[in-house]
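Below is one structure; the comments refer to it alone.
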Amino acid sequence: MLDFAAIRDGSRTFDDLARELRPDALHDLTDEMIDLVLNITAPATDADLQFVPVDALAPANEDGSVTRGWTLAHVVTHMTAGSEETAAIAATLARGVPVEGRSRYEVPWDMLQTVVQLRERIEESRRIRHALLTAWPDQPHLELRFKLAQRFDPLNAPACFILGLFHEDGHLEQLREVLRQALAARGA
């Protein structure tokens, strides 16, 4: 796994972290993240997917009011959507095509009613990301950049791809805490 602490504290940039990363390394990093999410969610039952936690990490509404806590399914669909979006943008940049806008689709989290569906969503995300990495040319266009997030400089293809992993990494503790509360609620 990549250590994102230096990005979080501002001592390194995505460009620094991505400088030597090519698609084979990004494939491996994808598998590490997907395997970690599967491992974290392994104890979950179907009922745990519907459990609404007290979630201090859930974002506030635009008016500042507190949202309801995010279920396991909500956290997973949000995480996977972010990494799939950055993978799609990275593939476009790598192919030498300027990116004009966002490319995000989030599976409706309330559609995931069973652990089997949750795991299928996670594995589907793995397949999508691997396919997008496979679309990179042998000589990716690393000079093209896209500004996806206000707080970061424009990113080239490898840096954009790892932004998705960074985003997922930022939700791992939330995922663990939601599952911890769900397990406690059912006395497991």
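As the structure is a prediction and not an experimental result, all values here were calculated from the model.
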So F4 and F14, would you call those rings parallel, tilted or perpendicular, with 30° and 60° as cut-offs?
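The arrangement is tilted - the two ring planes meet at 30° to 60°.
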
Should [X] and [Y] count as side-chain neighbours, where that means a heavy-atom distance under 4.5 Å?
{"X": "H27", "Y": "T134", "value": "yes"}
{"X": "E32", "Y": "L2", "value": "no"}
{"X": "L118", "Y": "D46", "value": "no"}
{"X": "D28", "Y": "D24", "value": "no"}
{"X": "R22", "Y": "L142", "value": "yes"}
{"X": "L175", "Y": "L179", "value": "no"}
{"X": "H141", "Y": "V97", "value": "no"}
{"X": "T71", "Y": "V178", "value": "no"}

So which heavy atom on [X] is nearest to which on [Y], and how close?
{"X": "A91", "Y": "W136", "result": "CA-NE1, 3.5 Å"}
{"X": "L144", "Y": "P98", "result": "CD1-N, 4.1 Å"}
{"X": "A44", "Y": "R119", "result": "O-NH2, 4.3 Å"}
{"X": "G69", "Y": "V52", "result": "O-CG1, 3.7 Å"}
{"X": "Y105", "Y": "A81", "result": "O-CB, 3.4 Å"}
{"X": "P43", "Y": "L183", "result": "O-CD2, 4.0 Å"}

Working to the nearest 0.5 angstrom, can you tell me the gap between [X] [atom1] and [Y] [atom2]?
{"X": "L148", "Y": "C160", "atom1": "CG", "atom2": "SG", "result": "5.5 Å"}
{"X": "D15", "Y": "R19", "atom1": "CG", "atom2": "CZ", "result": "6.0 Å"}
{"X": "L36", "Y": "D169", "atom1": "CG", "atom2": "CG", "result": "8.5 Å"}
{"X": "I89", "Y": "L155", "atom1": "CD1", "atom2": "CG", "result": "9.5 Å"}
{"X": "L26", "Y": "H130", "atom1": "CG", "atom2": "NE2", "result": "10.5 Å"}
{"X": "L72", "Y": "R176", "atom1": "CG", "atom2": "CZ", "result": "12.5 Å"}

Is it the case that the side chain of [X] and the backbone of [Y] share a donor-acceptor pair, with hydrogens and angles ignored and the cut-off at 3.5 Å?
{"X": "T114", "Y": "Q117", "answer": "yes"}
{"X": "N156", "Y": "E143", "answer": "no"}
{"X": "T86", "Y": "S83", "answer": "yes"}
{"X": "R12", "Y": "A6", "answer": "no"}
{"X": "E173", "Y": "G170", "answer": "no"}

Using the salt bridge (Lys or Arg N to Asp or Glu O under 4.0 Å) rule, pick out the option among R104, R102, R121 that qualifies with E84.
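One option only clears the test, and that one is R121.
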
Determine, using the 4.5 Å side-chain heavy-atom cutoff (strictly less than), whether [X] and [Y] are members of one ILVMFWY cluster.
{"X": "I40", "Y": "W109", "result": "no"}
{"X": "I128", "Y": "M79", "result": "no"}
{"X": "V99", "Y": "L132", "result": "no"}

Would you please test F161 and L133 for side chain to side chain contact (heavy atoms under 4.5 Å, CB included) and show each step?
CA-CA 9 Å; F161 191 94; L133 283 167; 3.6 Å; yes

Strictly by modelled atom types, are H78 and H74 linked by a side-chain donor-acceptor pair under 3.5 Å?
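Side chains of H78 and H74: no pair found under 3.5 Å.
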
Can you spot which of V37, T80, I34 makes a side chain to side chain contact (heavy atoms under 4.5 Å, CB included) with R126?
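That would be I34.
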
